Novice: 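The structure is given below, and queries will be raised subsequently.
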Amino acid sequence: MGMFQRDRQVFADAEPLDDSYEPEDIRERDEELEKYQRALQPIIDNRPTSNIFLYGKTGTGKTVATKFMLSHLENDATEYDDVDLSTVWVSCENLSSSYQVAVALVNELRESQDKDRISTTGYSQQRVFDILYEEIDALGGTVVIVLDEIDNIGHSDDILYGLPRARSNGYVDDVRPVIVGISNDFQFRDNLSPKVKDTLAEKEILFPPYDANQLRSILNPRAEKAFHDDVLDDDVVPLCAAFAAQDTGSARQAIRLLREAGELAQAADSDTVTEEHVRDAQDELEKNQLYEGMQELTTQGHAVLCALAYHQALDDVPVRSRDLYERYVKICDRLDADSVSERRVRDHLSDMNMLGLISVYERNEGLSAGRYHEYELDVPLKAVLEVLLSTTRFEELANIIESTADDNNLLQSDISDY
DNA sequence: CTTCCACTGGAAGATCTGGCCT
DNA sequence: AGGCCAGATCTTCCAGTGGAAG
């Protein structure tokens, strides 16, 4: 028997379960699409067009709906000689300011023309805006600018002020910019500065989370294409839908669950995908998210995490911040690394709390002992150690903590059971 | 009802990195 | 080379907090 054999295949074609897959019809969003179409119609009619903002949590179909509408729009615009339409798409996922968004837009616009990209730092903000207006001006006609996940820019919203007014301010001549903003945050609009609020978001479309029924309806056609016949147990799709509906109402989450369940079934060389695979997939995805969160911490973040892991290994949790800070300083000394202020460590702890890595308990013992926080790990110690072991800097220390924990019998729990 | 502990967390600004400009 | 720019990380300062003790 050879070392490699073809696995039994549960997947017929995994593409419909890919994040980038664009279905030919969009389900359960009829009302939203209709609104969307009405909002874009003026472009075809050569009338002034309002900016459009889409609000809804991740995985509620905003991006897919936009891709769908724009491809139709682009297609239909070619039917009319007097409609000159261009579109630019920028995902603001890793962009935290208007400045960076402007740079990304310039680079996106230049990409299509083989011009040089510009650097993400070094220019003044106005300089980048000027370059951006130049590029937009060169396009002419109606320019639809899609800013995906625009809420990442937070309060730095200058670009939302500048772009819609580019024409009235004389920065561009023969161009009609239309901004399509996509936000995961319902409150994004409320947090905009007043001057931006007035100009923007004349048309708003809300994308509510999907319920379990809707998720089933989204999953079913994809599941049919992605898997061979009779591979999926009857309760697999409903369970994926139920898990995702309960958690976030995100189609993306539901689809990922389904794919992961399929992959687990395939890896186990199983004929069918079962409810059990879905449950395992759910655990697996949660675990991955936490691992990623831990890996992406800075060195200082790792040091703080390391200090907390040490306390956990000594079975000395929850720890109050004072004691944790002492431990942290000792760890830094030992590693010959700089330590940061107590205040800063509190910030790191609160970040880790946001990521779901640790738990915080508020204590208040009044006049005798005052008010303070206590912390403990919210993920298995073993998982933390695994991450620390993979960094050169903390490797040695992680080994020490591991043996300490071993002495205290705190590692029995397998990583897979959380 | 007041006191008061031991922090917490907001604000402002310093320092450092990487990169552009002339 | 020297000045300038934006962002990330960090420091310093300190008003504010809330429940047990008095």
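Hydrogens, waters and symmetry mates play no part in the numbers below; they use all other heavy atoms, side chains included. Since we're looking at a predicted model, the values are computed, not measured.
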Novice: Has the side chain of A:Ser339 got a donor or acceptor atom that lies under 3.5 Å from a matching backbone atom of A:Ala337?
Specialist: no
Novice: In whole angstroms, how far is the P atom of B:dG9 from the CG atom of A:Leu349?
Specialist: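 Atom CG in A:Leu349 sits about 10 Å away from atom P in B:dG9.
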Novice: Is A:Arg322 close enough to B:dA6 that one of its side-chain N or O atoms is under 4.0 Å from OP1 or OP2 there?
Specialist: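 It does not, given that no N or O in the side chain of A:Arg322 lies less than 4.0 Å from OP1 or OP2 of B:dA6.
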Novice: Are the side chain of A:His311 and the backbone of A:Leu308 linked by a donor-acceptor contact shorter than 3.5 Å?
Specialist: no
Novice: Atom CG of A:Asp130 to atom P of B:dC21: distance rounded to whole Å?
Specialist: 13 Å
Novice: When you check every protein heavy atom under 4.0 Å of nucleotides 2-11 of chain C, what one-letter string (B, S, -) results, 5' to 3'?
Specialist: ---SSSSSBB
Novice: Just by distance, do the side chain of A:Asn152 and the backbone of A:Cys92 share a donor-acceptor pair under 3.5 Å?
Specialist: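 Flag set: sc A:Asn152 to bb A:Cys92 pair under 3.5 Å.
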Novice: Nearest whole angstrom, please: distance from the C1' of B:dC5 to the CZ of A:Arg320.
Specialist: 10 Å
Novice: Whether A:Glu34 and A:Arg38 form a salt bridge (side-chain N of Lys/Arg under 4.0 Å from carboxylate O of Asp/Glu) is what I want to check.
Specialist: yes
Novice: Does A:Phe11 have A:Arg259 sitting over its ring (NZ/CZ under 6.0 Å from centre, angle to axis within 45°)?
Specialist: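 No, A:Arg259 does not lie over the aromatic ring of A:Phe11.
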Novice: Could you run through nucleotides 15-22 of chain C and give me one letter per nucleotide, 5' to 3': B if any protein heavy atom sits under 4.0 Å from the base, S if only the sugar-phosphate is that close, - if neither?
Specialist: -BBBBBB-
Novice: Would you say the side-chain atoms of A:Tyr328 pair up with the backbone N or O of A:Val340, donor to acceptor, closer than 3.5 Å?
Specialist: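 Yes, A:Tyr328 side chain to A:Val340 backbone: donor-acceptor pair under 3.5 Å.
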Novice: Can you tell me which residue among A:Glu365, A:Glu362, A:Arg322, A:Arg363 is in a side-chain hydrogen bond (donor to acceptor under 3.5 Å, both in side chains) with A:Tyr372?
Specialist: A:Glu365
Novice: Sort out for me which residue in A:Val180, A:Ile136, A:Thr87 forms a side chain to side chain contact (heavy atoms under 4.5 Å, CB included) with A:Ile145.
Specialist: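 Output: one option passes, namely A:Ile136.
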Novice: Measure from CZ on A:Arg346 to P on C:dC14 and round the result to the nearest Å.
Specialist: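 About 15 Å, once rounded to whole Å.
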